[in-house]
Amino acid sequence: MTLVDHATDSRTSALEDAHAQLAEAVAGLGYDEGTHAMLSKSRRELTVSIPLRRDDGSIEVLTGYRVQHNISRGPAKGGLRYSPAVTLDEVRALAMWMTWKCALLDVPYGGAKGGVAFDPRQYSTAELERITRRYTSEILPIIGPQQDIPAPDIGTDERTMAWIMDTYSVSQGHTVPGVVTGKPLSLGGSLGRASATSRGVVHIAKAALKSRGIAVSGATAAVQGFGKVGRDGARFLADEGALVVAISDQYGAIHSASGIDIAALSAHVDVTGSVVGFGDADVLGADDLLELDVDVLVPAAVEGVIHAGNAGKVRARIIVEGANGPTSRDADAILASNGVLVAPDILANAGGVIVSYFEWVQANQSYRWEARDVEARLEERMLAAWASVNELARTHDLTLRAAATRLAVSRVTEAHRLRGLYP
Ligand code: GLU
């Protein structure tokens with residue numbers, strides 16, 4: 001195929017990518033247009049205004065969203081994102097991917113996502129608390145442990161989840177730990193939840209390396225992002241004996257051919273807030289990280305970073321998607337024709353929602369599981385999904401993303417079929 005060097009403005013949006021992936025799955029499964037329409041539309045979308053009194057007394061009005069894409073397999077489930085890039089269309093795409101992720105990993109949820117369009121780094125802790133509580137009270141009618149269960153995503157954390165749980169609980173008159181996941185341990189969070197996405201990414205990275213006949217020990221890796229997913233992902237990869245040769249964050253990238261000392265880098269980031277300036281490594285252009293000659297590339301930041309304009313320059317053997325939607329549709333085709341194995345987001349980063357499910361089960365049972373139970377069950381589910389996706393890809397000559405999406409879409413459609421259409 002011909003490689004087109006697209007300009008930045010020719011990049012596809014997350015929603016266009018999500019719709020194209022669904023259309024391909026629907027065509028492959030031979031579903032009719034009506035079924036396609038049901039799967040492509042969000043079940044519910046709520047846009048809310050969040051008036052905020054700033055610390056200086058001025059008033060600002062932020063916009064927030066909660067989208068429930070599908071609830072046929074269970075309550076809606078998905079993270080809450082605080083970022084200036086949040087739009088309704090982005091939240092729609094992320095909610096749809098959550099539906100497929102939950103179905104693929106066979107956790108009994110539908111898919112949802114929430115977002116508030118602002119930069120949390122520009123706001124005080126007190127302001128963040130007011131934003132979170134007001135957003136929660138605005139979406140209160142559609143969330144709940146049996147309706148829709150938020151969790152952390154970009155720009156939110158366990159403290160945010162504690163505020164949501166408290167606001168929801170106050171409205172109910174009693175404590176409802178099952179309304180969110182990713183809570184602090186002391187409020188009913190699960191052991192192993194904080195690092196679950198990263199653990200899952202590394203389970204998939206190891207399985208992918210094995211499938212390509214590359215030993216984990218000594219394999220080279222580059223990690224884009226040093227946040228909730230990338231940081232522990234880099235650590236676990238290094239623990240497995242891989243050489244993490246490059247790491248980036250939103251401020252820049254660093255490189256060391258002999259491998260970066262992740263513990264030392266973490267200590268540096270705790271003090272300075274960025275990987276930039278880490279003594280034991282060279283400076284690297286942030287985009288150059290994506291083009292390094294490594295065994296595994298882990299994009300663990302935001303959507304659309306690998307696109308038609310740079311996919312042809314990717315030299316990694318394997319991409320393991322820690323972020324949601326890091327590879328565009330156009331890029332997917334180029335990577336496939338260049339023989340790059342892409343472990344798709346809905347499989348590779350599903351560790352977070354798997355342990356969210358475990359946390360919700362523990363909340364509903366009021367019973368805490370041991371860390372070893374959480375970790376063993378997480379690994380079991382990740383590897384079972386890896387095996388089913390690979391089997392479908394092999395027997396139908398599909399990319400792993402096409403196979404994963406097809407499998408997930410067929411499970412959601414089966415739930416629709418069994419439930420029937422009301423009225
Ligand atoms: N935000 C995470 C994701 O995109 C976790 C969602 C959850 O645990 O509900 O998968």
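Start at 1 and go down the list; that is how both ligands and their atoms are numbered. Nothing fancy with the numbering, it's 1 onward along the sequence.
- Taking every non-hydrogen atom of Gly352 and a distance limit under 4.0 Å, the qualifying atoms of ligand 1 come out as 8 (O).
- Taking atom 10 (O) of ligand 1 as the reference point, the nearest protein heavy-atom neighbour is Lys101 NZ, 2.6 Å.
- Ile354 contributes atom CD1, which lies 9.0 Å from atom NE2 of His203 (distance to the nearest 0.5 angstrom).
- The protein heavy atom nearest to atom 1 (N) of ligand 1 is Asp153 OD1, 2.8 Å.
- Remark: Arg329 does not engage Asp17 in a salt bridge, criterion side-chain N to carboxylate O under 4.0 Å.
- Using a 4.0 Å cut-off between charged nitrogen and carboxylate oxygen, Arg81 and Glu90 count as a salt-bridge pair.
- For Lys113, every heavy-atom contact with ligand 1 shorter than 4.0 Å involves the side chain, none the backbone.
- Looking at Leu94 against ligand 1, nothing comes within 4.0 Å, counting heavy atoms.
- The pair Glu240-Lys206 counts as a salt bridge, with a side-chain nitrogen and a carboxylate oxygen less than 4.0 angstrom apart.
- Between Lys77 and Asp148, no side-chain nitrogen of the basic residue sits less than 4.0 Å from a carboxylate oxygen of the acidic one, so the salt-bridge criterion is not met.
- Nearest to atom 2 (C) of ligand 1 by heavy atom, out of Gly78, Pro152, Ala196, is Pro152.
- For atom 8 (O) of ligand 1, the closest heavy atom belonging to the protein is Ser356 OG, 2.5 Å.
- The 12-atom threshold is not exceeded at CZ of Arg53, counting heavy atoms of other residues, nucleotides or ligands nearer than 6.0 Å.
- Contact analysis leaves Arg81 out of contact with ligand 1, as no non-hydrogen atom separation drops below 4.0 angstrom.
- Close approach to Lys77 involves these atoms of ligand 1, each under 4.0 Å from a residue heavy atom: 7 (C), 8 (O), 9 (O).
- Stacking of Arg66 on the aromatic ring of Tyr135 is not recorded, the 6.0 Å distance cut-off and the 45° axial limit not both being met.
- Nearest protein heavy-atom contact of atom 5 (C) of ligand 1 is Arg193 NH2, 3.7 Å.
- By the 4.0 Å N-to-carboxylate-O rule, Arg401 lies close enough to Asp332 to be salt-bridged with it.
- Nearest non-hydrogen protein atom to atom 7 (C) of ligand 1 is Ala151 CB, 3.3 Å.
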